[in-house]
Amino acid sequence: MSTAQLEAFCAAGYTRRNALEVVLGIGTYTLSTFANRLVEHGDSLERPEGR
């Protein structure tokens with residue numbers, strides 16, 4: 001994000017903290033999606049007996 005974009009974001013009534021929350025939210029969603037896809041494809045991995 002450029003300085004101009006951040007300034008425009010803040011001019012729209014948001015704060016730097018709000019910008020950080022957006023970035024953290026996207027990162028959390030991305031990691032969650034990645035983890036869920038790993039679990040879905042985990043069936044092809046060997047499972048311990050009894051499970």
| query | Between E21 and N18, is any pair of side-chain heavy atoms under 4.5 Å apart? | reply |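 A side-chain contact exists here, since the closest heavy-atom pair is under 4.5 Å.
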
| query | Going by side-chain heavy atoms closer than 4.5 Å, which hydrophobic residues are tied to V23, directly or by a chain of links? | reply |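 Grouped by the 4.5 Å side-chain rule, V23 forms a cluster of one, so the answer is none.
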
Under the side chain to side chain contact (heavy atoms under 4.5 Å, CB included) rule, collect the residues that match up with [X], sequence neighbours excluded.
{"X": "S32", "value": "N36"}
{"X": "E7", "value": "T3"}
{"X": "I26", "value": "V22, T30"}
{"X": "A8", "value": "none"}

| request: For T33, enumerate each residue passing the side chain to side chain donor-acceptor pair (under 3.5 Å) test, keeping only those at least two apart in sequence or located in another chain. | output: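 In terms of side chain to side chain donor-acceptor pair (under 3.5 Å), with neighbours along the sequence ignored, T33 is linked to no residue.
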
| query | Can you tell me how far the CG atom of L20 sits from the CZ atom of R17, to the nearest 0.5 Å? | reply |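 One finds 8.5 Å between CG of L20 and CZ of R17.
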
| said: How close do F9 and T15 get, counting heavy atoms only, and between which atoms? | reply: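 Where F9 meets T15 most closely, the heavy atoms are CE2-O, 3.5 Å.
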
